2 protein chains.
Amino acid sequence: MQLHKRDVVDAAMTLLDSYGIADLTMRRLARELKVSPGALYWHFANKQQLLGTVADRILEPALADEPPPGWQQCVTAVCSRLRDALLAYTDGAELVSASFAAGQSRAASDILARLTAAATHAGVQGARAERVAGTVIYYVLGFTADEQSRLQWDAAGAELPEEQSVLTEDPSARFRFGVRLLVDGIRARSSPQSDVSQKIFE
Amino acid sequence: MQLHKRDVVDAAMTLLDSYGIADLTMRRLARELKVSPGALYWHFANKQQLLGTVADRILEPALADEPPPGWQQCVTAVCSRLRDALLAYTDGAELVSASFAAGQSRAASDILARLTAAATHAGVQGARAERVAGTVIYYVLGFTADEQSRLQWDAAGAELPEEQSVLTEDPSARFRFGVRLLVDGIRARSSPQSDVSQKIFE
DNA sequence: ACCTGAACACCGTTCAAGT
DNA sequence: ACCTGAACACCGTTCAAGT
């Protein structure tokens with residue numbers, strides 16, 4: 001029977017979670033679907049576009065329900081749901097990072113929009129709210145990609161060197177710590193009159 | 001005459017800056033050096049290791065002189081020198097991000113160490129200082145990779161859509177804004193008695 | 001409209017064999 | 001010690017031709 005976009009993305013998700021991003025190739029995907037490689041190019045313009053669609057699916061659960069009211073709770077919730085969604089698939093963070101950077105994921109843009117709204121609600125003026133949202137996203141993607149690569153390196157055997165132990169212990173706590181750092185920063189940004197750095201840097 | 005590690009890295013830097021990371025392949029590099037592809041594997045274990053060495057060279061200017069005293073000035077200086085170093089080569093941010101994530105760049109670790117020292121100096125306790133340093137690095141790499149990709153997309157023709165204009169205007173100011181956000185966060189973290197979020201989140 | 005088959009122009013890595 | 005040549009097992013993408 002006919003090949004649909006949905007089937008392609010389903011197969012891509014399975015491939016990704018089973019073997020990782022390096023094995024998510026157009027040829028491998030075609031083989032799994034028992035079609036010729038060229039068939040995929042009827043449904044997707046190129047690999048980047050396909051990966052963008054995969055990214056959207058990974059991020060779906062992170063967008064499932066409305067974020068809570070109150071900008072701090074909103075930022076915290078959006079970040080932790082984003083991280084959870086990324087961790088749910090092998091190499092999820094790496095794939096979404098790439099698609100976000102390439103501007104190929106609608107879902108990623110939606111998440112950015114929620115963070116921007118939260119920053120505005122926190123009292124950050126106009127265009128600055130977008131910058132705040134960007135800063136937060138960079139952190140979550142960077143942190144989670146790092147966490148996930150260590151996790152997988154770890155799972156694939158081998159004791160960790162002493163030195164790295166502090167970096168792998170309680171990632172959730174380390175993550176929340178960074179989020180709070182950003183929230184504290186936003187609070188300081190949003191009320192310039194109480195902000196010492198204004199004098200120093202501007 | 002003999003092929004030395006130095007020559008390989010020199011050629012790699014030229015290739016990177018002229019054609020970007022996608023064209024920095026082992027085979028292309030070998031062709032440029034007029035050797036067989038296999039020759040490179042006498043000097044480097046694999047491509048990842050070679051890219052790590054390239055990352056170290058990109059970061060060299062960022063480590064050239066000691067950071068200023070005073071933790072805020074130190075964080076600000078390390079961040080802006082890091083960004084400058086990354087922007088000096090085509091796809092520099094992307095390459096260094098990958099090598100940093102893979103733990104293949106000594107220079108990247110050195111920069112992390114400087115930020116950790118600054119955080120400690122700011123009064124952040126023990127292991128938390130490393131987390132702060134990580135948060136800052138994720139931001140700088142994420143921001144700069146994004147900035148650079150927009151720059152290059154831009155340079156390669158095509159007017160930008162209205163919507164994206166706010167994201168491309170004055171990147172240096174946007175960058176400093178994010179750094180200040182982090183600095184403000186660090187200040188709040190370092191003096192918990194004056195930190196409202198302690199009550200809310202802990 | 002949707003897909004096959006085959007081609008094009010590449011990859012990273014290995015390794016016997018040469019000097 | 002250092003490098004060649006050739007092979008192995010792949011890539012993404014295109015496109016005439018088929019149904």
Side-chain angles (χ1 to χ4, degrees), chain A residues 1-16 18-55 90-91 94-95 97-99 101-105 149 152-153 156, chain B residues 1-16 18-55 90-91 94-95 97-99 101-105 149 152-153 156:
Chain A
M1 63 285 161
Q2 255 225 75
L3 184 66
H4 284 102
K5 248 178 158 144
R6 270 209 53 116
D7 310 324
V8 179
V9 180
D10 285 344
M13 301 291 282
T14 307
L15 214 46
L16 176 70
S18 311
Y19 306 101
I21 199 170
D23 284 307
L24 180 45
T25 70
M26 297 301 265
R27 280 170 178 276
R28 179 91 187 255
L29 193 51
R31 209 188 312 145
E32 222 79 28
L33 290 162
K34 295 176 203 303
V35 295
S36 108
L40 301 177
Y41 289 86
W42 181 260
H43 300 278
F44 298 90
N46 48 44
K47 188 180 181 179
Q48 218 181 56
Q49 192 178 94
L50 193 154
L51 291 182
T53 314
V54 172
T90 307
D91 293 333
E94 207 182 318
L95 190 146
S97 283
S99 295
Q104 292 282 348
S105 168
S149 86
Q152 290 164 189
W153 220 84
Chain B
M1 63 286 162
Q2 255 226 74
L3 185 66
H4 284 101
K5 250 179 156 140
R6 270 208 54 115
D7 310 324
V8 179
V9 180
D10 285 344
M13 302 290 283
T14 306
L15 214 45
L16 176 71
S18 311
Y19 306 100
I21 198 169
D23 284 307
L24 179 45
T25 70
M26 297 301 266
R27 280 171 178 274
R28 178 91 187 255
L29 192 51
R31 210 187 313 145
E32 223 78 29
L33 290 161
K34 296 176 204 298
V35 295
S36 108
L40 301 176
Y41 289 85
W42 180 261
H43 299 279
F44 298 91
N46 47 44
K47 189 181 181 179
Q48 217 181 56
Q49 192 179 93
L50 193 155
L51 292 182
T53 314
V54 172
T90 307
D91 292 333
E94 207 182 318
L95 190 145
S97 283
S99 295
Q104 293 282 348
S105 168
S149 85
Q152 290 164 189
W153 220 85

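Sequence lines set the chain letters: A, B, ... in the order given, protein chains first and strands last, and positions in each chain run from 1. What you are looking at is a predicted structure, and each value in this text was computed from that prediction instead of being measured. Quick note: numbers below take in every heavy atom, side chains included, and nothing from hydrogens, waters or symmetry partners.
- Taking atom CH2 of residue A:Trp42 and atom C1' of nucleotide C:dA1, one finds them 5 Å apart after rounding to whole Å.
- Comparing the C1' positions of C:dC2 and D:dA17 gives an interatomic distance of 13 Å, to the nearest angstrom.
- Of the side-chain N and O atoms in A:His43, one or more sit less than 4.0 angstrom from OP1 or OP2 of C:dC3.
- Here A:Arg6 pairs with A:Asp10 under the salt bridge (charged side-chain N to carboxylate O under 4.0 Å, His left out) rule; sequence neighbours left out.
- Applying the side chain to side chain donor-acceptor pair (under 3.5 Å) test to A:Ser97 and every residue at least two apart in sequence or in another chain returns nothing.
- Rounding to the nearest 0.5 Å places CH2 of B:Trp42 at 13.5 Å from OG of B:Ser36.
- For residues 28-41 of chain B, the salt bridge (charged side-chain N to carboxylate O under 4.0 Å, His left out) pairs, not counting sequence neighbours, are B:Asp23-B:Arg28, B:Arg28-B:Glu32.
- Remark: P of D:dC2 and CG of B:Leu3 are 10 Å apart, rounded to the nearest angstrom.
- To the nearest 0.5 angstrom, B:Met26 atom CE is 4.0 Å from B:Tyr41 atom OH.
- Take A:Ala11 and apply the side-chain contact (heavy atoms from CB on, under 4.5 Å) test, not counting sequence neighbours, and it matches A:Leu29, A:Leu33.
- The C1' atoms of C:dA9 and D:dC10 are separated by 14 Å, rounded to the nearest whole Å.
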Applying the Watson-Crick and G-U criteria (both distances under 3.5 angstrom) with [ ] for crossing and | for other-strand pairs, one obtains for DNA chain C ||.|||||...|||||.||
If the sugar-phosphate is the primed atoms plus P, OP1 and OP2 and the base is the rest, what is the B/S/- string for nucleotides 4-15 of chain D, using protein heavy atoms under 4.0 Å? BB-B---BBBBB
Which pairs of donor and acceptor atoms, one on a side chain in residues 47-55 of chain A, lie under 3.5 Å apart (sequence neighbours left out)?
from, atom 1, to, atom 2, distance (Å)
A:Lys47, NZ, A:Leu24, O, 3.3
A:Gln48, OE1, A:Gln104, NE2, 3.2
A:Gln49, OE1, A:Ala45, N, 3.1
A:Thr53, OG1, A:Gln49, O, 3.0

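- For A:Thr90, the side chain to side chain donor-acceptor pair (under 3.5 Å) test picks out A:Asp17, with sequence neighbours left out.
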